[in-house]
There are 2 protein chains.
Amino acid sequence: MARRRYGCRVTAGTAARRGRIDKRAAILEAALRTFIRDGYGLARVEAIAELAGVAKPTVYNHFGDKETLFRVFILDGASRTSDHMIAALAALAALADDGDGDGDDLAGDLSRVAREVIDCQLTEEGWVLQRLMYAEAARFPDLFDEALARGGARLHNALAGRLAHRGRLELADPDTAAAHFLALISGDLPALSALGTRKVSDAELRTAIAAGVDTFLLAFAPGRRPAGRDTRRGWRAAAMDSGNRT
Amino acid sequence: MARRRYGCRVTAGTAARRGRIDKRAAILEAALRTFIRDGYGLARVEAIAELAGVAKPTVYNHFGDKETLFRVFILDGASRTSDHMIAALAALAALADDGDGDGDDLAGDLSRVAREVIDCQLTEEGWVLQRLMYAEAARFPDLFDEALARGGARLHNALAGRLAHRGRLELADPDTAAAHFLALISGDLPALSALGTRKVSDAELRTAIAAGVDTFLLAFAPGRRPAGRDTRRGWRAAAMDSGNRT
DNA sequence: ACTATATTGAACGATCGGGTTCAATCAATC
DNA sequence: GATTGATTGAACCCGATCGTTCAATATAGT
């Protein structure tokens, strides 16, 4: 039998976890690939082990059972994805106190934030987390709550804070504004991407984001008309003239 | 062995389907219950048969195999749910041509439509269809496309047509307006309802709908200020005064 | 009554998959 | 070197599940 080569054993600092950290990481990466393809129910522990290049007992050594592996995968993923999204909010810095400001580009800032948040969501991991949450909501209700607390709620709160201090927005409630912003920029994504199973073109993304940001600004910053303002009025007139109903 | 009692056999008019129509309906209803609890992968055909009060071979007689049963369930469900939602759009009748109209209640109409569309979505069937679509998107990509064509796309198009002819709205593009309306009124639902696994209170629903309709009107009917307009401006001033950042 | 179709309870075949055991080997620490 | 924890390939256990077969019974149409 050939000599075997392994990496470092976990040190006492991570006593709450068993096994070697490189094996753990490989297992979680393999879990991602397997859950993407098979979901939770049809994903096999043996397949995950093979993909990770470890023995099946090693998976059980690290995670105890399939369900625990799944929970760790979901919660780690929710935190990580949300961290990335929250970092993207930096583009929404508070407005400097230097007057009316020609340097202010609210629309541009919102668009950049939207693009980065959506890019996080459009990752394979982003989608598999969402799909798995939907799929398993009934079976693991506590898991949904915790993932929401680590993921979506954190993003939402961070965005609300940013919007509250951005300036030049009329907000009755920053929570509502944040929720609506996220809804407007991402509402088209499930259909465009077939729930994450297809690639969305750059043009489609830009269009969806621009429309979402436009509508957001119309509602929450009415003093700042987006470029398409006159086009809107013109369209309405045309519809009244045509008189048809689809 | 006791005498057995059965219903009517299918007539030649439905030759494309096998078996008795009452058995078929019972199987599809049992499939709903089983998919709600177990999803697709872990749902057992034998469990569905028991719940339906039929023998397992009967399920196979009607549907051939588990996957076909699933496909039929999804597509029939998408059509039915979308039919109900589209019917709800009747509240958005075109504005009568009688001038500026004190009888016009755009906000009220939109709220009624929103409430009915959301009530359809909040049914057990509505949620299980959505959860199943997310869960199985990667395994059955063609199914998603067809369900979208029968469901979401039909609703979207019908709503766009209604909005286009409602009057008093400034729409650059009725498609975008429809998409944004649906996004605004339903964006909170996944979190509020824990993806359909919890009941949403009437107060929560009313709040979410009112906020969504308000924002929609601000963006698409800016001449019609919702009641909360002054509150919004007041809040912004308070935020600037407090100076904190969450 | 006759015929054809549908349904049934029981049983089966083949395969599967979560979790476990085992003894040998490896790796890190003292 | 000794000790301890981690890993491994192979094998196992046991319950499960999709799909099928069978002969008897029921039902609907002619």
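Every chain is numbered from 1 and lettered A, B, ... according to where its sequence line falls, protein lines coming before strand lines. Since the structure is predicted, the reported quantities are computational estimates derived from the model, not experimental observations.
Residue B:Thr58 places at least one side-chain N or O closer than 4.0 Å to OP1 or OP2 of C:dT8. Considering only side-chain N and O atoms, B:His62 lies nowhere under 4.0 angstrom from the phosphate OP1 or OP2 of C:dA6.
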Return a table of donor-acceptor pairs under 3.5 angstrom between the side chains of residues 142-152 of chain A and protein atoms on other chains or two or more places apart.
{"unit_1": "A:Asp142", "atom_1": "OD1", "unit_2": "A:Arg71", "atom_2": "NH2", "d": "3.4"}
{"unit_1": "A:Asp142", "atom_1": "OD2", "unit_2": "A:Arg71", "atom_2": "NH1", "d": "2.7"}
{"unit_1": "A:Asp145", "atom_1": "OD1", "unit_2": "B:Arg198", "atom_2": "NH1", "d": "3.3"}
{"unit_1": "A:Asp145", "atom_1": "OD1", "unit_2": "B:Arg198", "atom_2": "NH2", "d": "3.1"}
{"unit_1": "A:Asp145", "atom_1": "OD2", "unit_2": "B:Arg198", "atom_2": "NH1", "d": "3.2"}
{"unit_1": "A:Glu146", "atom_1": "OE2", "unit_2": "A:Arg150", "atom_2": "NH2", "d": "3.2"}

Considering only distance and modelled atom types, tabulate donor-acceptor pairs under 3.5 Å from the side chains of residues 29-41 of chain B, sequence neighbours left out.
{"unit_1": "B:Arg33", "atom_1": "NH2", "unit_2": "B:Glu124", "atom_2": "OE1", "d": "3.0"}
{"unit_1": "B:Arg33", "atom_1": "NH2", "unit_2": "B:Glu124", "atom_2": "OE2", "d": "3.2"}
{"unit_1": "B:Thr34", "atom_1": "OG1", "unit_2": "B:Ala30", "atom_2": "O", "d": "2.8"}

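For the contact set between residues 30-39 of chain A and DNA chain D, defined by any heavy atom under 4.0 Å, there are no members.
By the 30° and 60° cut-offs, the orientation of the rings of B:Phe140 relative to B:Phe70 is tilted.
In this entry the distance linking CG of B:Asn61 with C1' of C:dA4 reads 14 Å, nearest Å. Distance, A:Phe70 CZ to C:dG19 P: 14 Å, rounded to whole Å. Rounded to whole angstrom, the span from the CD1 atom of A:Ile21 across to the C1' atom of C:dA28 amounts to 16 Å. Computed from coordinates, the B:Ile27 CD1 to C:dT7 P distance equals 8 Å when rounded to whole Å. Between the P atom of D:dA26 and the CZ atom of B:Arg20 lies a distance of 13 Å, rounded to the nearest Å. Distance CD (B:Glu50) to C1' (C:dA10): 13 Å, rounded to an integer number of Å.
Atom CG of A:Leu51 is separated from atom CD1 of A:Ile27 by 11.5 Å, given to the nearest 0.5 angstrom. Interatomic distance, NE2 of B:His84 versus OG1 of B:Thr123, reported as 9.0 Å (0.5 Å rounding). Rounding to the nearest 0.5 Å places CG of B:Leu205 at 5.5 Å from CG of B:Leu122.
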Heavy-atom protein contacts under 4.0 Å, nucleotides 15-21 of chain D, coded B base, S sugar-phosphate only, - none: --SBBBB
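Using a cut-off of 4.0 Å between Lys/Arg side-chain N and Asp/Glu carboxylate O, B:Arg112 and B:Asp109 are scored as salt-bridged.
Listed by chain and number, the residues in a side chain to side chain donor-acceptor pair (under 3.5 Å) with A:Glu50 amount to none (sequence neighbours excluded).
Closest of all the heavy-atom pairs between A:Ser186 and A:Leu182 is OG-O, 2.5 Å.
Defining each end axis of the helix from C:dA1-D:dT30 to C:dC30-D:dG1 as the rotation carrying four pairs' C1' atoms onto the next four, with five pairs an end, the two axes are found to diverge by 30° to 10 degrees.
In this model, a donor atom of one side chain and an acceptor atom of the other lie less than 3.5 Å apart for A:Thr68 and A:Asp65.
In terms of modelled atom types and a separation under 3.5 Å, the side chain of A:Ser201 and the main chain of A:Glu204 share a donor-acceptor contact.
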